[in-house]
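Down below is the structure, laid out as structure tokens.
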Amino acid sequence: MAQATARHILVDSEAKCEELKKAIEGGQDFAEVAKQHSSCPSGRNGGDLGSFGPGQMVPEFDKAVFSSDLNTVIGPIKTQFGYHLLEVTSRS
């Protein structure tokens, strides 16, 4: 079964998500931005979600994880939890 590792940042607005994405693309560290801004408990760990397989995350998130390029910040991705920035760090 496929596995992926990823990290994410969860915020409550699309505008905030876009602002943070620009900051990361401008050189800020993803993990530091996650620690400062993510409302998900994973933010304390730089947004690290560990390893997971298909179907373990909400559908919108799952689709992005298993179809996007590695080590690229993607988003905003809207789910029932809010807006996510996502970076897939490995996939097998």
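Everything quoted here is computed from the prediction, not taken from an experiment. Worth knowing before you read on, the calculation uses all heavy atoms, side chains too, and leaves out hydrogens, waters and symmetry mates.
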Would you give me the side-chain donor-acceptor pairs under 3.5 Å for residues 73-82, sequence neighbours excluded?
residue, atom, partner, partner atom, Å
T79, OG1, F81, N, 3.1
T79, OG1, H84, NE2, 2.7

T5 side chain to T89 side chain, donor-acceptor N/O pair below 3.5 angstrom: yes
Salt bridge (charged side-chain N to carboxylate O under 4.0 Å, His left out) partners of residues 2-14, not counting sequence neighbours, each pair once: R7-E87
Residue pair L10 / H8, side-chain heavy-atom distance below 4.5 Å: yes
Connected via hydrophobic side-chain network under 4.5 Å: L70 and M57: yes
Hphob cluster co-occupancy, I24 + V11, side-chain heavy atoms under 4.5 angstrom: yes
CA sep, side-chain torsions, deciding dist, call: N71, V88, side-chain contact (heavy atoms from CB on, under 4.5 Å): CA-CA 6 Å; N71 302 308; V88 181; over 6 Å; no
Straight-line distance of F30 CZ to L86 CG, nearest 0.5 Å: 7.0 Å
E32 backbone acceptor or donor facing D29 side chain under 3.5 Å: yes
Atom pair CD1 (I9) and NZ (K35), whose distance is rounded to the nearest 0.5 Å: 12.0 Å
Would you mind writing out the side-chain donor-acceptor pairs for residues 60-68 within the sub-3.5 Å range, not counting sequence neighbours?
residue, atom, partner, partner atom, Å
D62, OD1, G55, N, 3.1
D62, OD2, G55, N, 3.0
S67, OG, K63, O, 2.6
S68, OG, A64, O, 2.9

Shortest non-hydrogen contact from A2 toward P54: O-CD, 3.2 Å
Pairwise distance CD(Q3) to OG(S92) - rounded to 0.5 angstrom: 6.0 Å
Carboxylate-amine/guanidinium contact K22 E19, below 4.0 Å: no
Check ion pair K21-E18 (N to O, under 4.0 angstrom): no
